[in-house]
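Worksheet: one structure, shown below.
Ligands are counted one by one from 1 in listed order, and the atoms in each one are counted from 1 as well. Predicted model, so just to flag it, every value in this text is computed and none were measured. For the single chain, residues carry numbers from 1 onward in sequence order.
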Amino acid sequence: MDQPHAVITGASSGIGYETVRVLARDHGMRVTAVARRRDRLDELAELTGCDVVQADVTSQEDVDRLAREVRGPVHMLVNNAGGAIGWDTIAESSLDAWSQQYELNVVGTVRVTQALLPALTETGRGDVVVVTSTAGHEPYENGAGYVASKHAEAAMTRTLRLELAGTGVRVIEIAPGMVHTEEFSLNRFAGDTDSADAVYAGIEPLTAHDIADAIAWTLTRPHHVNIDQLVIRPREQAGASKTVRHAER
Ligand code: 8X3
């Protein structure tokens, strides 16, 4: 086969950024990094030699352009773009935040998948990875807008696997728990660094590299092996409502 080519969304930071590095640097894949921020994309291109496409997954126009601009066959799509907005009870949550999270986490993933599926099926052995969350499997208080969008994204992923059976395309769900990235919690708490830092207090959270490494592992199994779903949490996070925190030393 040609050099494997992976397209990764949400590549400007966190899990997406690290997945570009791991697939390009450690696995010698050709990577196209997709994100909104040009400066981060340029940095990644310099660091890894990846191709870049500046695009917002919530824009149909951008994603249509992505499908046109992506070079050569596409073997892998890593749908990583997504995020959480707000920390409120359902009674007090912003409807706008609900819509934004659904648009980004669910519709954005479907939009990119639709746009690249022809290129993925053409190769006869494609991969669609969807980075969901443990929030896609277990609810928690104050996060319902995110939790609901991630449940929907996980359901979409399982449906996609059913629909693509027989096409040669694997559908892989990666469901991370608490991952300390530079932006996830900051975005959730609208830039409030104290609240964002408190999420990771007294626990060793996962890193973006832990998840990128897991994504790479699923993608490098023999192609008849479909890792349907990987749920990955830090050891001290036994569940959404059960995190054991140790006193800071
Ligand atoms: C992020 C994990 O625990 O904040 O998707 O829902 S969590």
Does Thr132, backbone or side chain, put an N or O under 3.5 Å from an N or O of ligand 1?
no
Fit a plane to each ring of Phe189 and Trp87, take the angle between them on a 0 to 90° scale, and name the class: parallel (under 30°), tilted (30 to 60°) or perpendicular (over 60°).
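Ring orientation, 0 to 90° scale: tilted.
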Of all the atoms in ligand 1, which lie at a distance below 4.0 Å from a heavy atom belonging to [X]?
X	result
Ala135	6 (O)
Tyr146	1 (C), 5 (O), 6 (O)
Ser133	1 (C), 2 (C), 5 (O), 6 (O)

Nearest heavy atom to atom 4 (O) of ligand 1 wins, so pick from His137, Glu138, Arg188, Gln237.
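Among His137, Glu138, Arg188, Gln237, the closest heavy atom to atom 4 (O) of ligand 1 comes from Arg188.
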Using heavy-atom distances only, which candidate in Gly239, Ser185, Gly177, Ala84 approaches atom 2 (C) of ligand 1 most closely?
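The residue whose heavy atom sits nearest atom 2 (C) of ligand 1 is Gly177.
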With no hydrogens and no angle check, do the side chains of [X] and [Y] hold a donor and an acceptor under 3.5 Å apart?
X	Y	result
Asp56	Thr58	yes
Ser149	Asn105	yes
Asn80	Thr19	no

Per the side-chain hydrogen bond (donor to acceptor under 3.5 Å, both in side chains) rule, which among Glu43, Arg40, Glu182 passes with Tyr17?
Glu43
For Lys150, state whether at least one heavy atom is located under 4.0 Å from any atom of ligand 1.
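Flag not set, Lys150 not near ligand 1.
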With ring-ring contact (aromatic ring centres under 6.0 Å, His included) as the test, would you mind laying out the steps for Phe184 and Tyr146 before giving the verdict?
CA-CA 12 Å; Phe184 178 83; Tyr146 180 67; 5.6 Å; yes
Starting from atom 7 (S) of ligand 1, find the nearest protein heavy-atom neighbour and note its residue, name and distance.
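For atom 7 (S) of ligand 1, the nearest protein heavy atom is Tyr140 OH, 3.5 Å.
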